[in-house]
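Side-chain atoms are counted along with the backbone in the values below, which use heavy atoms only and exclude waters and symmetry mates. Residue numbers start at 1 and run along the sequence shown. For clarity, every value in this text was computed on a predicted model and none was experimentally measured.
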Amino acid sequence: MKIDLKISPDQLIATASVLEDIDNVRALSSNEKLLLSIAYDLKDKICQKSTMTKRKTDLFSTGKKVSVSLKFHEAWALEKILIERKGILQNDFNKSMVQTVINVLNQQLA
């Protein structure tokens, strides 16, 4: 089951910034290890898409949505990770962008 996540470039970059420091997280329980394992795959996918989007984005394409195709378990894990790690962001704008991604994921997972 696939979920197509359509978000703005700003939301994608904010999501990538949350996932970039996932390597520093230590998992203790088996559930945390499962979530961390999925997070490593998500980090590769989201950060690569973010880098490509940064290169291609110009003044005229800022309103266009970026599509990221995720499997159901990846979308579920991304929502959990974003909820849990949203507090590490210093910028209120990025927190708002991440909250919007959480809302979109929540609607598509329901």
So do the side chains of L70 and W76 get within less than 4.5 Å of each other, counting heavy atoms only?
-> no
From CA spacing to verdict: side chain to side chain contact (heavy atoms under 4.5 Å, CB included), K65, I7 | CA-CA 5 Å; K65 299 279 184 176; I7 54 178; 5.7 Å; no
When clusters are formed from ILVMFWY side-chain contacts under 4.5 Å, directly or step by step, what else is grouped with M52?
->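 Its cluster mates, by chain and number: none.
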If you group Ile, Leu, Val, Met, Phe, Trp and Tyr whenever their side-chain heavy atoms sit less than 4.5 Å apart, what else falls in with F93?
->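 Cluster partners of F93: M97.
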Which residues pass the side chain to side chain contact (heavy atoms under 4.5 Å, CB included) test with [X], not counting sequence neighbours?
X: L105; value: L5, A75, L78, E79, L82, V101
X: S69; value: K2, D4
X: Q48; value: none
X: S30; value: none

By salt bridge (Lys or Arg N to Asp or Glu O under 4.0 Å) - contacts of K49 (at least two apart) |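 Listed in chain order: nothing, the list is empty.
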Linked, directly or transitively: I38 and I83 (ILVMFWY side chains, under 4.5 Å) = yes
Pairs touching residues 96-110 that satisfy side-chain hydrogen bond (donor to acceptor under 3.5 Å, both in side chains), sequence neighbours left out = K86-Q99, Q99-N103
side-chain hydrogen bond (donor to acceptor under 3.5 Å, both in side chains): pairs with one or both residues in residues 31-42, sequence neighbours excluded =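 For residues 31-42, and leaving out neighbouring residues, there are no side-chain hydrogen bond (donor to acceptor under 3.5 Å, both in side chains) pairs at all.
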Roughly how far, to the nearest 0.5 Å, is CD1 of I46 from CD of E74?
-> 8.5 Å
Looking at CG of N94 and CD1 of I13, how far apart are the two atoms once the value is rounded to the nearest 0.5 Å?
-> 9.0 Å
If you look only at distance, which donor and acceptor atoms sit under 3.5 Å apart when one is on a side chain in residues 14-27 and the other is two or more places apart or in another chain?
residue : atom : partner : partner atom : Å
T15     : OG1  : Q11     : O            : 2.8
S17     : OG   : A14     : O            : 2.6
D21     : OD1  : R85     : NH2          : 3.3
D21     : OD2  : R85     : NH2          : 3.1
D23     : OD2  : K43     : NZ           : 2.6

